[in-house]
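Values below: all heavy atoms of this structure, side chains included; hydrogens, waters and symmetry mates excluded.
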Amino acid sequence: MKNQATLLLRRIYGEEGTNGTISYQGQKICHTIELPWRNNMRRLSCIPTGRYKLMERTYPRHGVQIGIPHVLQREAILIHAANDAQKELLGCIAPVTTLTGEGKGTESRKALAELKALVYSLWDSGQEVFLHIQ
């Protein structure tokens, strides 16, 4: 059995968006923005809480990204750059450096690069990587 690493995403839900913080072994990696919780409706809601295996995926629009392939009743969920959940996300998760409002943040590309560096280093060391969303 492969070694496993788990990233923790703690969320705060709002009417306009969902904000969160991803940490690994107690250290903050980045903040996140997502759409508000809307009963897991495709393209309109953040994904349900739970534990998800992260996998490298290639998407036509975003290229090679960290994917979350096994979300109940959903497909093509990934972690990609965005600074405004309502305008730029269809159910995915966007890392951001600073939160500026519900579902809004800044410097998403920088935060994504930091998150990818961590996840890819864990994959390169032979570990399976999971995201636990609370």
Side-chain angles (χ1 to χ4, degrees):
M1 186 166 113
K2 284 187 170 186
N3 288 332
Q4 297 181 356
T6 301
L7 307 178
L8 178 62
L9 170 54
R10 293 184 188 270
R11 288 176 166 165
I12 298 171
Y13 299 91
E15 291 290 318
E16 299 297 315
T18 301
N19 294 351
T21 302
I22 293 178
S23 60
Y24 177 63
Q25 296 181 335
Q27 296 293 315
K28 182 189 104 173
I29 307 305
C30 61
H31 294 292
T32 61
I33 59 170
E34 300 173 73
L35 292 170
W37 174 249
R38 294 182 180 135
N39 297 316
N40 198 31
M41 289 174 31
R42 295 180 75 195
R43 304 171 74 92
L44 299 174
S45 175
C46 59
I47 63 174
T49 58
R51 188 169 187 260
Y52 300 96
K53 184 175 181 178
L54 301 179
M55 302 179 83
E56 184 178 68
R57 292 282 193 243
T58 302
Y59 296 88
R61 185 171 171 196
H62 298 283
V64 177
Q65 296 293 341
I66 301 167
I68 310 173
H70 303 293
V71 178
L72 186 64
Q73 300 173 356
R74 303 285 284 277
E75 59 186 38
I77 302 296
L78 62 152
I79 299 174
H80 67 82
N83 291 306
D84 186 324
Q86 294 284 355
K87 293 179 181 175
E88 302 173 84
L89 296 179
L90 296 172
C92 297
I93 299 172
V96 295
T97 302
T98 305
L99 295 167
T100 60
E102 289 182 358
K104 295 183 180 181
T106 63
E107 297 185 286
S108 186
R109 291 188 192 286
K110 177 181 174 186
L112 178 62
E114 292 173 18
L115 181 62
K116 276 184 156 182
L118 170 63
V119 171
Y120 278 75
S121 72
L122 293 167
W123 282 336
D124 289 346
S125 71
Q127 296 191 63
E128 292 182 315
V129 181
F130 292 84
L131 179 65
H132 185 103
I133 302 174
Q134 295 183 332

Is a side-chain donor or acceptor of [X] paired with a backbone partner of [Y] at a separation under 3.5 angstrom?
X: Ser45; Y: Trp37; answer: no
X: Ser108; Y: Pro95; answer: yes
X: Glu88; Y: Asn83; answer: yes
X: Asn19; Y: Gly101; answer: yes
X: Asn39; Y: Met41; answer: no

Output the distance between atom [atom1] ([X]) and atom [atom2] ([Y]), rounded to the nearest 0.5 Å.
X: Arg109; Y: Lys116; atom1: CZ; atom2: NZ; result: 10.0 Å
X: Gln65; Y: Ile79; atom1: CD; atom2: CD1; result: 9.0 Å
X: Thr6; Y: Glu128; atom1: OG1; atom2: CD; result: 10.0 Å

Shortest non-hydrogen separation from [X] to [Y] and the atoms involved:
X: Val96; Y: Cys30; value: O-CB, 3.8 Å
X: Leu115; Y: Ile22; value: CD2-CD1, 4.1 Å
X: Leu78; Y: Cys92; value: O-CB, 3.0 Å

Count the heavy atoms of every other residue, nucleotide or ligand shown that sit under 6.0 Å from [atom1] of [X], and state whether that count exceeds 12.
X: Arg38; atom1: CZ; value: yes
X: Gln134; atom1: CD; value: yes
X: Ile12; atom1: CD1; value: no
X: Lys28; atom1: NZ; value: yes

Quiz prompt | Qualifying ring pair (Phe, Tyr, Trp, His ring centres under 6.0 Å) pairs, either residue in residues 91-127, two or more places apart | solution = Tyr120-Trp123
Exercise. Among residues two or more places apart or on two chains, list those pairs meeting ring pair (Phe, Tyr, Trp, His ring centres under 6.0 Å) that have a residue in residues 65-109.
Key: His62-His80
Self-check item: Verify same cluster id: Leu89, Tyr52 (apolar side-chain graph, 4.5 Å)
Solution: no
